[in-house]
*Asks:* 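My structure is below; once you've seen it, I'll send some questions.
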Amino acid sequence: SLALFGARRFRQVYGLLRRRQPWLNLEFHGIDFVDPGDAGVSPDLVAKQPDLRVPLAEKTATYRAVLRQIGEDYDFGTLEQMTEHLEATS
């Protein structure tokens, strides 16, 4: 989970990713934007889902930092656009 990994650790491995990956696929799920204190989030779920223990403000800061860094080197696009690009270049 990117929320658990954090922006600092992402920066530490980003150079390796950048050298080895011509493209990155980063996807989010609804639960990535849930705060442990949100209504309806049970303590049992928080206990079973480690990234739910990370406050939403901290997750959001991580996501912004990571997206900002990726955006310096990669173009953002949809999976459909990536598929079209790969089909056109293969």
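Fair warning: this is a prediction, and the values are worked out from it, not measured in the lab.
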*Asks:* Taking side-chain contact (heavy atoms from CB on, under 4.5 Å) as the test, write out the residues that go with Thr78, two or more places apart.
*Replies:* Glu80, Gln81

*Asks:* Which residues pass the side chain to side chain donor-acceptor pair (under 3.5 Å) test with Glu27, sequence neighbours left out?
*Replies:* His29

*Asks:* If you count the non-hydrogen atoms of other residues, nucleotides and ligands that lie under 6.0 Å from CG in Asp38, is the total more than 12?
*Replies:* yes

*Asks:* Restricting to pairs with a member in residues 67-90, which pass ring-ring contact (aromatic ring centres under 6.0 Å, His included), not counting sequence neighbours?
*Replies:* none

*Asks:* Below 3.5 Å, can you tabulate the donor-acceptor pairs from side chains in residues 62-69 to any protein atom, sequence neighbours excluded?
*Replies:*
residue, atom, partner, partner atom, Å
Thr62, OG1, Glu58, O, 3.2
Tyr63, OH, Asp32, O, 3.0

*Asks:* Report yes or no: does Lys59 contribute a side-chain atom to a donor-acceptor pair with the main-chain N or O of Val34 at less than 3.5 Å?
*Replies:* yes

*Asks:* Could you work out, with side-chain contact (heavy atoms from CB on, under 4.5 Å) as the rule, every residue matching Glu87, not counting sequence neighbours?
*Replies:* Thr83

*Asks:* Report, one line per pair, each donor and acceptor closer than 3.5 Å where one atom sits in a side chain of residues 6-20; sequence neighbours left out.
*Replies:*
residue, atom, partner, partner atom, Å
Arg9, NH1, Leu4, O, 3.4
Arg9, NH1, Phe5, O, 3.4
Tyr14, OH, Asp73, OD2, 2.7
Arg18, NH2, Asp73, O, 3.4
Arg19, NH1, Gly15, O, 3.4

*Asks:* Hydrophobic clusters here meaning ILVMFWY residues chained together by side-chain heavy-atom distances under 4.5 Å, can you tell me if Leu52 and Phe28 are in one?
*Replies:* no

*Asks:* To the nearest 0.5 Å, what is the distance between CD1 (Ile70) and CG (Leu26)?
*Replies:* 5.0 Å

*Asks:* Under the 4.5 Å side-chain heavy-atom rule for ILVMFWY, direct or indirect, which residues accompany Trp23?
*Replies:* Met82, Leu86

*Asks:* Show me the side-chain donor-acceptor pairs of residues 43-51 shorter than 3.5 Å, one per line, residues at least two apart or across chains.
*Replies:*
residue, atom, partner, partner atom, Å
Gln49, NE2, Asp51, OD1, 2.9

